[in-house]
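Everything on this sheet refers to the single structure shown next.
As a basis for the values below, the full set of heavy atoms in this structure was taken, side chains included, without hydrogen atoms, waters or symmetry mates. The chain is numbered in sequence order, starting from 1.
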Amino acid sequence: MVLPPKIDMINPSNDISYINTTLNIQGKVTRAKYLTINGRPILFDESGRFEHLMILEPGRNEITINAKSQLKKEAEIVRTVIYQAENKN
């Protein structure tokens, strides 16, 4: 039996609010050959750790992390974060 990839997220948590415009997405994949975040290819090291800096848009931001094995098995995690711009009053 061939298992699909596994994605362990370190950051971000789901449904969390941020006041910074940038978000450091971090996690670890196992049994993966390819990794994308919102459709963009992401490199990971030999232990499976990855990191990606994302610019947030005001309001809700959906982040889709997809891992695919060499045998085309897939795993996907979707996180929603909210960017709340600081009031400069």
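Considering every non-hydrogen atom in both Pro5 and Lys73, the closest pair reads CD-O, 3.4 Å. Contact detail for Gln26 and Met9: the closest heavy-atom pair is O-CE, 3.6 Å. Residue Ala32 comes nearest to Ala67 through the heavy atom pair CB-CB, 4.0 Å, listed as atom of the first residue, atom of the second, then distance. Scanning both residues, Ser47 and Lys28, for their nearest heavy atoms gives O-CE, 2.9 Å. Considering every non-hydrogen atom in both Pro12 and Ile63, the closest pair reads CG-CD1, 4.2 Å. In plain terms, the two heavy atoms of Arg31 and Ser69 that are nearest each other are O-CB, 3.5 Å.
To the nearest 0.5 angstrom, Ile10 atom CD1 is 6.0 Å from Arg49 atom CZ. In this structure, the separation between NZ on Lys68 and CD on Gln70 is 12.5 Å, given to the nearest 0.5 Å. Atom CG in Leu23 sits 5.5 Å away from atom CG in Asn11 (nearest 0.5 Å). Once rounded to the nearest 0.5 Å, the distance linking CD1 of Ile77 with CG of Asn14 reads 9.5 Å. Remark: Asn66 CG to Arg40 CZ distance equals 15.0 Å, nearest 0.5 Å. To the nearest 0.5 Å, atom CD of residue Glu62 and atom CD of residue Glu57 are 14.0 Å apart.
A heavy-atom distance below 4.5 Å is not found between the side chains of Glu74 and Pro4.
Residue Val29 is tested with Ile7, Ile42, Ile65 for a side chain to side chain contact (heavy atoms under 4.5 Å, CB included); the sole match is Ile7.
No path of Ile, Leu, Val, Met, Phe, Trp and Tyr side chains, each step under 4.5 Å between heavy atoms, connects Ile37 with Tyr34, placing them in separate hydrophobic clusters. Under a hydrophobic-cluster definition in which Ile, Leu, Val, Met, Phe, Trp and Tyr are linked whenever side-chain heavy atoms come within less than 4.5 Å, directly or via other members, Met54 and Ile16 are assigned to the same cluster. Under the 4.5 Å side-chain heavy-atom criterion for grouping Ile, Leu, Val, Met, Phe, Trp and Tyr, Leu71 is not connected to Leu3 through any hydrophobic cluster.
Between the side chain of Asn38 and the main chain of Thr64, a donor-acceptor pair closer than 3.5 Å is present. In this structure, the side chain of Asn61 engages the main chain of Gly59 through a donor-acceptor pair within 3.5 Å.
The 12-atom threshold is exceeded at CG of Leu53, counting heavy atoms of other residues, nucleotides or ligands nearer than 6.0 Å. The 12-atom threshold is exceeded at CD of Glu76, counting heavy atoms of other residues, nucleotides or ligands nearer than 6.0 Å.
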Would Phe50 and Ile25 count as a side-chain contact (heavy atoms from CB on, under 4.5 Å) here? Give the steps.
CA-CA 8 Å; Phe50 64 89; Ile25 301 168; 4.2 Å; yes
